[in-house]
Amino acid sequence: MSLRRFVQSCPMMSFFAMAYIVSWLGWTPYVLSRDGLGVLDFQLPQVLGDSQLVGIMPGAYLGPLASAFIVTAVTEGVEGLHQWRRRLFRWRVGWRWYVLVIVGIPAVILLGTLPVPGALASFQIPAAELLLSYALLLLIQFFTTGVAEEPGWRDFALPRLQRRYGPLIGTFLLGLVWAGWHLPLFLTSWAGTEVDLLILGQFVLLAVILSIVITWVFNRTGQGLPLIILLHATFNNAGDVAVRAFFPGVAPAGSWGPAIGLGAFALVLTVATRGRLGFEPGRFPPNSTDGPHQSDTAHVG
């Protein structure tokens, strides 16, 4: 079987394999540098005082984003690429969703941090300058991490996984794959703390929890990507910048605050929607390449 035929017959497997292989190869210099394992005696150049951006972004952009583009082009052709592009620029959703993402998600994370030991004792109102730096970092996160990852994980993979396995199981599987994709970065300064099994387990749990919230917003807003990219960027920014500013005694790396806050929110969403997470099979017809899985949508809901 030719490579093209394999991609056409197994688009999801092809996408995940390509995303992992390309990203992990792209991260190899970062992992081997002095910012990682130190096998090679060099350090990547710094941007904004940190080498993480230079180390992470080549693999991030060349992984999920490029893989989604290639697999879509091979399996669905020009029309599939047009549909993919339309979802990428679907900004027009209700303003309340932007309020939820920009204000609600950070609030949930901060509230979830309150039960963490030492959080209440270290609570403080940050300086007004934080708002400017927070907005700048949010913009950077949007065009780096968010744009690099979400067109692949959510725009390409999530609709197909929902149709085949249902929204809850599909989201759970995607959360596991998404978490596993990050594993080489735990060998670098990206991790920000000493890594152990507890930290890894917490990261996997948080990836699944965040995926549930993302799936609900994705489905309820017409499966547009810009809001999802913004949600991803807001989560990263709030979990680091906001937690550090409001709770300086609680280290963002390894903190359970985001998992507690978003975990409670994800549980409410799961119960309230009975596991549907806003998914309506008839609202989003399958792509032409998903024909074998169309019957799977009959029992979803």
Parallel, tilted or perpendicular: which fits the ring planes of [X] and [Y], with parallel below 30° and perpendicular above 60°?
X: F142; Y: W91; value: parallel
X: W153; Y: F16; value: parallel
X: W178; Y: H232; value: perpendicular

Side-chain contact, heavy-atom cut-off 4.5 Å: [X] with [Y]?
X: L231; Y: L210; answer: yes
X: P115; Y: W256; answer: no
X: F186; Y: I199; answer: yes
X: E150; Y: F218; answer: no

- Item | Pair Q141-N237, side-chain donor/acceptor within less than 3.5 Å | no

- Note on the structure: To the nearest 0.5 Å, atom OG of S211 lies from atom CG of L262 at 11.0 Å

- With ring centroids as reference points, do W97 and W216 lie under 6.0 angstrom apart? yes

- Note on the structure: Only residue of T215, L158, I214, V208 satisfying side-chain contact (heavy atoms from CB on, under 4.5 Å) with L174 is L158

- Query: Taking all non-hydrogen atoms of both residues, which atom of G180 and which atom of Y20 are closest, and how far apart?
  - Reply: C-OH, 3.1 Å

- Note on the structure: For M57 and A148, the nearest pair of non-hydrogen atoms, with its separation, is CE-CB, 3.9 Å

- To which residues is V271 joined in a hydrophobic cluster, defined by side-chain heavy-atom contacts under 4.5 Å among Ile, Leu, Val, Met, Phe, Trp and Tyr, whether direct or through other members? L267

